[in-house]
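Residue numbering restarts at 1 for every chain, and letters A, B, ... go by the order of the sequence lines.
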Protein chains: 2
Amino acid sequence: MEQRVDPSPTLQDVAKEAGVSVATASRVLNGSSRTVGKDNVERVLRAAGKLGYAPNLSAQATARGSTKTVALVVSDIADPYFSTLAAGVLEGAEAAGLIVTMAVADRSAERECRIVATLRGYRPHVIIVAGSRLDGPRDALVEELRAYVAAGGRAAVISQPGLPFPTVAIDNAGAAKDLALALADEGYRRFAVIRGPAGLHTSRDRCDGFLAGLRQAGIEVCRVLDTEFTEDGGYAAASRLIAAGLDDVELLFAVTDAMAIGAMRAVRDAGLVPGHDIAVAGFDDIGPATDVSPALTTVRVPLHEMGKRAMDLALSGADPAEVQWMPTQPVLRTSTPTSTPDSVS
Amino acid sequence: MEQRVDPSPTLQDVAKEAGVSVATASRVLNGSSRTVGKDNVERVLRAAGKLGYAPNLSAQATARGSTKTVALVVSDIADPYFSTLAAGVLEGAEAAGLIVTMAVADRSAERECRIVATLRGYRPHVIIVAGSRLDGPRDALVEELRAYVAAGGRAAVISQPGLPFPTVAIDNAGAAKDLALALADEGYRRFAVIRGPAGLHTSRDRCDGFLAGLRQAGIEVCRVLDTEFTEDGGYAAASRLIAAGLDDVELLFAVTDAMAIGAMRAVRDAGLVPGHDIAVAGFDDIGPATDVSPALTTVRVPLHEMGKRAMDLALSGADPAEVQWMPTQPVLRTSTPTSTPDSVS
DNA sequence: TTGTATGCGTTATCAC
DNA sequence: GTGATAACGCATACAA
């Protein structure tokens, strides 16, 4: 048996079926309303319905010279951080009648750049890059985006202030500092921090901010541990710390929730109880942060809102230099109980 | 100052710059290789580079009559279940040189159908629907997809066997049964199960399978609780159960990890210790399942692989009736310790 | 090997 | 109001 394939009905088919010209059909199906006869409208609509017509958006795009799509590039969609961001972008796009095409850069700056180049081929209405969390030269990316913008595109960037495009970001250093202060307020005095590779702005800013907060509270950090920017990295670092002797470290701050959750696991695996034997704090407030127990103290980052805001920002044709700073907030949960946990020696 | 916008360079521009015809330029930049002169290749390449040319994929699509995109529709991208699935699809697409456009149905069958209709406008190479977890009539969706396929499209569906399209799925009932058996093996005898709305196949199959497993082990379930198909639903149901008196229920099985994690929280909030006072088990093995403590016993579902497989299945032009059953596996973790937890009265 | 001409499905500019 | 028809940017059959 042959695989019968009658191609999608075109505007021509609809027009013929309705007994009108393509122009008329086009007008009722898409174009600027009112200029078409009541009866013809009905004929066309009926014909379209009967044939199951769906406009060829690619053809529409070439004809119009513009698309109704937004291109989104993230580092890793399975990461709650990015998937929440993506959800916000999708919501914003939906509201604007746009549809989003998305690609993952897999935490490689080079791949990210290639992806933007490819995506650019779709002449999307908007390009949003949510690719923080990776290191490497951004010049190529900037060039690519600049060309896109020069050709009339709208770009927005999430979490990497300093790039010459409208940006939505948070004050990593300030937020970390606030957290440190809040924790000091709770009575904590002896801290260790787990951070990612030095090249990562996000990691560095959060670490530096946290240390600054401690200093302001008259506290000196006990230990700073370098590791991978992942949950496993957090696990490894915490394990190392514990193996080397916790001394009287009371609280472990990891620069991301993922790392903090990894650290909590390490604590548990070492036979200690997080929140009791040692407090743990993270940064991001991703979903799982409230699922773990004890619930993770962290800095709330409005990920979903940031995604949505990035859409709005790009759409509004914001000034390339505009940085929309989103509010953050320390969220104290039971992983950092108010009464200083018993220190283990 | 005017906002200067010189549109993206076209193939014509490149051709002119290189001093060749558009046809030649087209050939070297895209078409079937070998048929073009060594020197011209270089000229075109140089010209393209200099102008920053990126082919207009929409135009390419209309000309070729086919796209290099796959459309993916999920219920909620922020849900780890779907984001993991999506990651698999994205990986598969990447491998096939496809780019994915994605939309969220927000757990509404009606929206899902509308989305497919819209996506269809892009004449994507593939459409993948990962929209289980919602109830309602699927007829409209089937019609939409059928039209798409009739026009030469490739469709695949995840987790909803019974639809006339290539499908990747798991045996929910069988897997739940295996879990029940494994749990019975561990010595558990008194179970309660938390499930979602009756209309949800996924929920019903998992619940029924679990009960069947118990029955086979000669065990009668103590309680079956109906609730929302969400983490909060799990919380509410578990709270209800505890409030009504746990009696000697030893283990709480929720039909999804999300619900199970909610249930764990309820247990904790009631002053009990999950895994100690009462065991908890879920289904899906989403990321957070290993982050919570005690780590959640569950059924491992190869979400990432399923996404990738769906891509392959669609691409291979599989038989519409083909259902690719993916293996699942009970994973016993510390939320169901081997020694039956002390029952609380 | 290279160029010319035509077509892809729509939109938009004209006339009527 | 409606209908030809020229773009849109690219691919390709065909001729050179």
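D:dA11 and D:dA15 have their P atoms separated by 22 Å, given to the nearest Å.
For B:Gln60 and C:dG9, the CD to P distance is 16 Å, given to the nearest whole Å.
Residues satisfying the side chain to side chain donor-acceptor pair (under 3.5 Å) test with A:Thr69, not counting sequence neighbours, are none.
Distances shown here put every side-chain N or O of B:Thr62 at or beyond 4.0 Å from the OP1 or OP2 atom of C:dC8. Between A:Ser26 and C:dT11, a side-chain N or O to OP1/OP2 separation shorter than 4.0 Å is present.
For DNA chain D, the contact window with chain A, defined by any atom under 4.0 Å from a protein heavy atom, covers D:dG1 to D:dC8 in 5' to 3' order.
To the nearest 0.5 angstrom, B:Ile115 atom CD1 is 10.5 Å from B:Leu72 atom CG.
Residue contacts shown for B:Gly65 are absent, as no nucleic acid heavy atom lies under 4.0 Å away.
Here the nucleotide nearest the side chain of B:Asn40, chosen from C:dT2, C:dT10, C:dG7, is C:dT2. In this structure, the nucleotide among C:dG3, C:dT13, C:dT10 sitting nearest to the side chain of B:Arg27 is C:dG3. For B:Thr35, taking side-chain heavy atoms from C-beta onward, the closest of the listed nucleotides C:dG3, C:dT10, C:dT2 is C:dT2.
Between its two ends, the helix from C:dG3-D:dC14 to C:dC16-D:dG1 turns its axis by 40°, counting five pairs per end and rounding to 10 degrees.
Within a 6.0 Å sphere centred on CD of B:Glu322, other residues, nucleotides and ligands contribute more than 12 heavy atoms. Counting non-hydrogen atoms of other residues, nucleotides and ligands closer than 6.0 Å to CZ of B:Arg154 gives a total above 12.
Checking A:His304 against A:Glu91 by side-chain atom types alone, a donor-acceptor pair falls below 3.5 Å.
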